[in-house]
Amino acid sequence: MAEQTDRFDLTAALALATVAHAGQDEKGLGTPYLGHLLRVASTVIRAGGSPDQARAALLHDAVEDGGRTWWPAVAAFGPTVEAIVQTCTDAAPAEDEQKAPWYDRKITHIRELHEGRRPDGEPVPAEAWLVLAADKLDAIDRSHTALDRSGDAFWGQGLFKGGRVGSVWYWRAMVEAIAPHLDEPLATELVERVRSLARRASRGDEHLDEIDLDELLEAARNTPYPDGIREDQR
């Protein structure tokens with residue numbers, strides 16, 4: 001009997017992700033970072049994604065969190081996986097090199113996505129939008145969970161360089177860039193989840209879910225940390 005192979009064999013990608021993120025925890029939860037990667041991959045698969053999209057989901061943060069030395073290992077999974085990971089990556093520091101400030105990286109990344117191009121100037125592959133959406137959906141849901149556990153004190157824990165207001169700006173801006181490229185059910189889910197988080201993050205009459213994005217970013221830049229963007233990240 002011929003040996004059967006599973007086209008969704010993610011063993012190699014999972015092994016690489018495990019090594020690349022060894023010792024890393026999820027912000028606000030303290031659980032192994034691998035949990036985030038598995039949830040992103042699961043969302044991609046449930047949404048009908050391809051094996052390459054699932055592999056890229058497991059590897060989407062390898063370079064951003066581990067540095068550019070991980071590019072050859074990622075590229076070994078083929079051009080589609082490499083292109084998706086590059087689309088998801090807003091920093092690829094060399095060994096012992098610091099990432100650019102949070103604000104600069106996020107502004108550049110969001111602009112690139114709106115223009116439909118990757119950091120190397122090539123077009124964003126169609127396969128990348130689902131992985132981007134799954135990543136942001138999990139990040140938003142993870143923050144909801146952390147808020148359930150810690151309440152508003154969560155924002156004072158210093159976990160996000162963009163602070164409370166800057167983080168809401170980032171999630172809303174990313175969703176605005178990604179949602180037009182998604183199937184309706186996933187786009188709607190992503191938009192509603194980020195709106196819900198923005199409402200939970202609001203204090204008093206702020207209405208962070210309704211403020212114009214440019215005004216929201218300006219407010220984040222002019223608000224002391226931890227509510228606004230950390231000084232060395234502006």
(message) For Arg172, is there an ion pair with Asp212 - N to carboxylate O distance below 4.0 angstrom?
(response) no
(request) For Arg55 and Leu10, indicate whether the former's side chain and the latter's backbone hold a donor-acceptor pair under 3.5 Å. (result) no
(request) Test salt bridge (charged side-chain N to carboxylate O under 4.0 Å, His left out) on Arg200 and Asp148 and set out the steps. (result) CA-CA 10 Å; Arg200 291 188 71 177; Asp148 290 341; 2.9 Å; yes
(request) Kindly say whether Ala75 contributes a backbone atom to a donor-acceptor pair with the side chain of Glu82 at under 3.5 angstrom? (result) no
Show which side-chain atoms of residues 35-42 pair as donor or acceptor with protein atoms under 3.5 Å away, not counting sequence neighbours.
unit_1, atom_1, unit_2, atom_2, d
His36, ND1, Asp138, OD2, 2.6
His36, ND1, Arg142, NH1, 3.1
His36, NE2, His60, NE2, 3.3
His36, NE2, Asp135, OD1, 3.0
Arg39, NE, Asp138, OD1, 2.6
Arg39, NE, Asp138, OD2, 3.4
Arg39, NH1, Gly35, O, 3.4
Arg39, NH2, Glu26, OE1, 2.4
Arg39, NH2, Glu26, OE2, 3.4
Arg39, NH2, Asp138, OD2, 3.1

(request) Of all the heavy-atom pairs spanning Arg68 and Val63, show the shortest one and how long it is. (result) CA-CG1, 4.0 Å
(request) Output yes when a side-chain donor or acceptor of Ser50 lies under 3.5 Å from a complementary backbone atom of Gln53, and no otherwise. (result) yes
(message) Run the side chain to side chain donor-acceptor pair (under 3.5 Å) test against Asn222 and tell me which residues pass, sequence neighbours left out.
(response) Glu218
(request) Answer yes or no: is there an ion pair linking Arg164 with Asp152, defined by an N-O contact shorter than 4.0 Å? (result) no
(message) Checking Lys136 against Tyr170: is there a side-chain donor and acceptor pair closer than 3.5 Å?
(response) yes
(message) Test of understanding: with ring-ring contact (aromatic ring centres under 6.0 Å, His included), list the residues that count as partners of Phe160, not counting sequence neighbours.
(response) Phe154, Trp171
(request) Identify whether Trp102 and Leu217 are in the same connected component of the hydrophobic contact network (ILVMFWY, side-chain heavy atoms under 4.5 Å). (result) yes
(message) For Ala134 versus Val44, what's the shortest heavy-atom pair and its separation?
(response) CB-CG2, 3.8 Å
(request) Any ring-ring contact (aromatic ring centres under 6.0 Å, His included) involving residues 109-142? Give me the pairs, sequence neighbours left out, ordered by first then second residue. (result) Trp129-His181
(request) Mind listing the closest non-hydrogen atom pair of Asp232 and Arg230 along with its distance? (result) OD1-NE, 2.7 Å
(request) Indicate yes or no for a side-chain donor-acceptor contact from Glu64 to the backbone of Asp61 under 3.5 Å, with no hydrogens or angles considered. (result) no
(message) If the threshold is 4.0 Å, N to carboxylate O, is there a salt bridge linking Arg195 and Asp209?
(response) no
(message) So does Ala83 get a backbone contact from the side chain of Gln86, meaning a donor-acceptor N/O pair under 3.5 Å?
(response) no
(message) Between Arg105 (side chain only) and Ala100 (backbone N and O only), is there a donor and an acceptor less than 3.5 Å apart?
(response) yes
(request) Apply side chain to side chain donor-acceptor pair (under 3.5 Å) to Arg117 and list each qualifying residue two or more places apart in sequence or on a separate chain. (result) Glu115
(message) Among residues at least two apart in sequence or on other chains, which ones pass side chain to side chain donor-acceptor pair (under 3.5 Å) with Ser196?
(response) none
(request) Flag the pair Asp65 and Lys99 as a salt bridge only when some basic side-chain nitrogen lies within less than 4.0 angstrom of an acidic carboxylate oxygen. (result) yes
(request) Check the surroundings of atom CG in Asp104: do more than 12 heavy atoms from other residues, nucleotides or ligands lie under 6.0 Å from it? (result) yes
(request) Might you point out which heavy atoms bring Leu58 and Ala17 nearest each other, and give the distance in Å? (result) O-CB, 3.3 Å
(message) Taking Tyr225 as the starting point, is it possible to reach Leu208 by hopping between hydrophobic residues whose side chains are less than 4.5 Å apart?
(response) no
(request) Please say which of Thr80, Thr87, Asp52 ends up in a side chain to side chain contact (heavy atoms under 4.5 Å, CB included) with Pro125. (result) Thr87
(message) Regarding Asp9 and Thr11, do their side chains bring together a donor and an acceptor under 3.5 Å, going by distance alone?
(response) yes
(request) Scan Val19, Val85, Thr89 and name whichever one has a side chain to side chain contact (heavy atoms under 4.5 Å, CB included) with Trp70. (result) Val19
(request) Using a 4.5 Å cut-off on heavy atoms from C-beta on, say whether the side chain of Tyr33 contacts that of Lys27. (result) no
(message) If hydrophobic clusters are built by linking Ile, Leu, Val, Met, Phe, Trp and Tyr wherever their side-chain heavy atoms come under 4.5 Å apart, do Leu197 and Leu29 end up in the same one?
(response) no
(message) Quick one: does any side-chain atom of Glu189 pair with a main-chain N or O of Leu186 as donor and acceptor, under 3.5 Å?
(response) no
(request) Start with the C-alpha distance between His21 and Leu34, add both sets of side-chain angles, then the distance that settles side chain to side chain contact (heavy atoms under 4.5 Å, CB included), and finish with yes or no. (result) CA-CA 7 Å; His21 296 278; Leu34 189 62; over 6 Å; no
